[in-house]
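All figures in this text were calculated on a predicted structure; none of them were measured in a lab. Chain naming here is simple, since letters A, B, ... match the order of the sequence lines and numbering starts at 1 in each.
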2 protein chains.
Amino acid sequence: MKPTVHDIARSAGVSLATVDRVLNGRPGVRRVTRQKVEGAIAELGYVRDVAAANLAKGRTYAFTFILPANDNSFMLGLGDELRGAVVRSSAERMQIRIVNIPPFDPGALVAALEAEFDGRPAGIAFVAIDAPEVRAAVERLAAAGIPMVTLVSDLPEAARDHYAGIDNMAAGRTAGSLMGRFLAGAPATVAVVAGSMLVRDHRERLEGFSAVLQEQFPGLATLPVLEGRDDPVLVEALVGKALNETPDIRGIYSLGAGNRGLIQALRSVGSLRRPMVIAHELTAFTRQALSDGTIDAVLNQDAGHEVRSAIRVLKAKADGLPVIAAQERIRIDIFLKDNLP
Amino acid sequence: MKPTVHDIARSAGVSLATVDRVLNGRPGVRRVTRQKVEGAIAELGYVRDVAAANLAKGRTYAFTFILPANDNSFMLGLGDELRGAVVRSSAERMQIRIVNIPPFDPGALVAALEAEFDGRPAGIAFVAIDAPEVRAAVERLAAAGIPMVTLVSDLPEAARDHYAGIDNMAAGRTAGSLMGRFLAGAPATVAVVAGSMLVRDHRERLEGFSAVLQEQFPGLATLPVLEGRDDPVLVEALVGKALNETPDIRGIYSLGAGNRGLIQALRSVGSLRRPMVIAHELTAFTRQALSDGTIDAVLNQDAGHEVRSAIRVLKAKADGLPVIAAQERIRIDIFLKDNLP
DNA sequence: CAGTTTTTGAGGTACGTAAATCAGAAATTC
DNA sequence: GAATTTCTGATTTACGTACCTCAAAAACTG
């Protein structure tokens, strides 16, 4: 049988109350007594029954997720995953509130963060915008002892407890490496389409991509970045124009959203001149394009994993427990048409 | 506040006992009463508190993991992950027993499975060997109502409840696609190193790999499969011999274990003639080889994820709960030197 | 309508831990 | 050595659900 606090008390020759004091770090236990109890715990291999403990604590976890009301497939999918997780997690004493704010708006994010002070949530997850005022708000919440997790886009070196998202620099490097190898090292011109260079994850992806091309594939030249603002219509126009004006484009790296427009532009190009294309985020559109050969590779972050990881981490932080780092690492999925799930 | 059974009882105008009967599907409730209770549950949005329920049930989950006593890095890593999970899961009322059996031995696996009848475990996970006698044993355990999960290697169309592992056919296809693209479609000779063609996952990987080469890269010719029995020494000998006898090998796909030997053999080849190499499983050896350029890509299955997924699924099955399919899909990681974790 | 069966109510105990109270013991201080 | 402070023990209640018993009410049966 699994040992309980009673067994510890008996084995250590102390009372239940003392065991409780040791277990929960309450004061009023002499050093020697504490060591006796800890010895018994180690000897019997006692592990606290979290179900019973949570029940006794009667604690519920109020978490808030702040998401941009973006209408691209990825963010919509993230919202879906989150709502699914909310339903399931209510069975585990968690109450998750979802707050939507206008996208790309640091002021709105700060306001939403400030508003959380009143509710005193057990934790907050949010898609970070890298701006000084956001950092300041995060510092204040951290000072108030509220655990915070950044989601999808990070705020490095700020007081957040964890980042639930991919390493965007590594993603960019991976894209660069694939592009270089797929183009077999021959001299060629590559175009890069981004959403906005103001967004941190896009900047990092570009940085990683460019670094690898420079280091390992000097034969590949890149054109100036096309900023499509994650807007399918704008992306289509920009890419179409670029393909017309620079017919020798042999590769395209799309590191933001709005891939619907990219795919449109590519479809109107003759299949002979179709460039090598690497894009981000597996959506209905990119999946289709991948299987029909319009896109060659898709780098993906799994929104469901990110959401579940954020929830797990918030809960662990709220409980003061360590997180299993390996489990919480969000991986960069590489999809070719051959390993589509 | 979160509603409890008491709230349901009050709201439906029945007693606690009746609510309990409805919730747990016990007999002795009239149709109309049952509907009243279900209405109240829906209206109040009641969700059973799993922590309290598990505590009350006093149930502990006895799971058995049957692992081959293989000494390659991957299986050793899997064992480590499992032992780590065992420690953590004991806090969640799970007791996981690990049984080691000789590798590649259907008889030993059957014996280990048979032995589980007595213990009546709440679930079994095992690395499957595709043999008729194993299938028969699985049928008997399934008939006894014991949930089963195959780990790493599957037993398709058998009575197991779930497979916690990668799609090996897709892995092989991915390797084939990468190899074809990395070699840029030029005519070349490719060698394949496997552990044993008797093991299902190796067969499937080869099948997927060959299919893609045939379909998409007809210029690539493959040599007869080298069976290295996952043994570093044998692998080194075979690969060394092949590289000597067939100097125009431009690609190697190592779909099994024993990559230490492969790497050794590659290191003694001049870097000019070094072929394009794709291997499986990220270990200390393959990681090193990847970062120094000896290996070009590694396809990986995350042992930790597989173990945790198997445990989650077994628990869900034991509780009669549905599994979140998306969460339990084990992904094929593709690692280049640029996205090493 | 009496007898039988089914349904329901009321109440209790248990699970393992948290948290509190209060009295008594031990250690420390003056 | 008395007074004070610091520890410790014993006991109790609570968390939300599961599961049990027993009695009473209601619904059927012939």
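Residues satisfying the side-chain contact (heavy atoms from CB on, under 4.5 Å) criterion with B:Glu116, sequence neighbours excluded, are B:Thr64, B:Arg97, B:Val99, B:Pro121, B:Ile124. Applying the side-chain contact (heavy atoms from CB on, under 4.5 Å) criterion to B:Ala53, with sequence neighbours excluded, gives B:Arg48. Contacts of B:Gln327 classified as side-chain contact (heavy atoms from CB on, under 4.5 Å), with partners at least two apart in sequence or in another chain: A:Arg308, A:Arg312, B:Arg312, B:Ile324. In terms of the side-chain contact (heavy atoms from CB on, under 4.5 Å) criterion, residue partners of A:Arg329 (sequence neighbours excluded) are, by chain and number, A:Arg331, B:Phe335, B:Pro341.
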Taking only N/O atoms, report every protein-nucleotides 25-29 of chain C pair under 3.5 Å with atom names and distance.
none

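The list of salt bridge (Lys or Arg N to Asp or Glu O under 4.0 Å) pairs with a residue in residues 147-164 of chain A, not counting sequence neighbours, reads A:Asp154-A:Arg160. Identified under the salt bridge (Lys or Arg N to Asp or Glu O under 4.0 Å) test for residues 21-45 of chain A, with sequence neighbours left out: A:Asp20-A:Arg26. Identified under the salt bridge (Lys or Arg N to Asp or Glu O under 4.0 Å) test for residues 10-19 of chain A, with sequence neighbours left out: A:Asp7-A:Arg10.
Side-chain contact between A:Ile98 and A:Leu82 is present, with at least one heavy-atom pair separated by less than 4.5 Å.
Look at CZ on B:Arg31: it is 13 Å from P on D:dC28, rounded to the nearest Å.
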Q.
Does the protein touch nucleotides 10-18 of chain D at the base, only the backbone, or not at all? Give it as B, S and - per nucleotide, heavy atoms under 4.0 Å.
A. B----BBBS

